[in-house]
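To start, the structure itself, in structure tokens.
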Amino acid sequence: LIWDRLGWTLLVTTIALGLTWIIAIPIGIYSATHQYSRGDFFFSFLGFLGLSVPDFALGLAYLALGIFVFNISVTGLFSGSMENAPWSLAKVMDLVNHLFWPALILGVAGTAQLIRIMRGNLLDVLGQQYITTARAKGLKENVVINKYAVRVAINPLISVMGMQLPELFSGATTLGIVLTLPTIGPMLFDALMSMDMYLAGTILLFLALML
């Protein structure tokens, strides 16, 4: 039972984690190097918004927009016409489209958190004496930022990544129920509701091992 859904769960959470880092790191660097600018205020506002809006609410909004506004299939892994069709490029693209948006929604809160952490870390590093020395040597600003400052400021984010995994799994539970995704989350919820302690306990053991 678990094996059938474990792969999809890992795929969704991995995509969400990758999108989180790809989006958060550049924005955090920009906010730190343009402190108190309009762009910094804008991204800070988006960060607080991302932290405050729960993923299941974004999932419901995505569901409503997809069905009532754009009239497209947004639940499950495939559209109705593609579900039983043989594998082709069109089916792969349909799968990517059904996985990308849930993964993006799942990573919104983590992205907002990483933006704030990266911005704070980089601001601390930019005030260090060795950064002043690097600038005094005449190095270009992008070299000072990317080679010296970012390499140090990004280290604490590795620890944060481990803390984000449980949040991604818990978010995948509610989002999986809203969008009817075949991930472990809805199965864990059903196991808890039906008091199936063996299935629920095994799922928790698998999640603990992955963490």
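Atom set for the values below is all heavy atoms of this structure, side chains included, hydrogens, waters and symmetry mates excluded.
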| In one Ile/Leu/Val/Met/Phe/Trp/Tyr side-chain cluster, 4.5 Å: L175, F189 | no

| Sub-4.5 Å side-chain heavy-atom contact between Q35 and D40 | yes

| message | If you count every heavy atom of other residues, nucleotides or ligands that lies below 6.0 Å from E141 atom CD, does the total exceed 12? | response | yes

| request: Taking S37 for its side chain and H34 for its backbone only, find out whether a donor-acceptor pair lies under 3.5 Å. | output: yes

| field | Residues, nucleotides or ligands: over 12 heavy atoms within 6.0 Å of F206 CZ | value | no

| query | Given the rule that I, L, V, M, F, W and Y join up when any side-chain heavy atoms are under 4.5 Å apart, are L122 and I158 in one cluster? | reply | yes

| task | Would you sort out whether S31 and R116 count as a side chain to side chain donor-acceptor pair (under 3.5 Å), showing the intermediate values? | result | CA-CA 9 Å; S31 293; R116 304 302 302 165; over 6 Å; no

| request: State, yes or no, whether a side-chain contact exists between I23 and L104 at a heavy-atom distance under 4.5 Å. | output: yes

| Is it true that a side-chain atom of N146 and a backbone atom of N142 form a donor plus acceptor pair closer than 3.5 Å? | yes

| request: May I ask you to check whether W87 and F78 place their ring centers less than 6.0 Å from one another? | output: yes

| task | Please examine the side chains of V160 and L114, heavy atoms only from C-beta on, and report whether any two atoms are closer than 4.5 Å. | result | yes

| So, does D55 use its side chain to make a donor-acceptor pair with the main chain of I105 at under 3.5 Å? | no

| query | Side-chain contact, heavy-atom cut-off 4.5 Å: W101 with L179? | reply | no

| Short side-chain to backbone donor-acceptor contact, H98 and L181, under 3.5 Å | no

| Sub-3.5 Å donor-acceptor pair from the side chain of K91 to the main-chain atoms of A85, do we have one? | yes

| said: Could you tell me if the side chain of M118 sits less than 4.5 Å from the side chain of V150, heavy atoms only? | reply: yes

| query | In terms of heavy-atom contacts, does OH of Y130 have more than 12 from other residues, nucleotides or ligands at under 6.0 Å? | reply | yes

| query | Taking C-beta and beyond as the side chain, do R135 and L139 meet within less than 4.5 Å on heavy atoms? | reply | no

| query | So which heavy atom on A32 is nearest to which on L123, and how close? | reply | O-CD2, 3.4 Å

| Are I25 and I22 connected in the hydrophobic side-chain network, where two residues link if heavy atoms are under 4.5 Å apart? | no

| message | If we ignore hydrogens and angles and just use 3.5 Å, is the side chain of R5 paired with the main-chain N or O of I184 as donor and acceptor? | response | no

| query | Side-chain contact, heavy-atom cut-off 4.5 Å: W21 with I154? | reply | yes

| request: Taking the side chain as every heavy atom from C-beta outward, state whether L106 and L58 have any pair of such atoms under 4.5 Å apart. | output: no

| message | Could you measure the distance from the CG atom of L157 to the CD atom of Q113? Nearest 0.5 Å is fine. | response | 9.0 Å

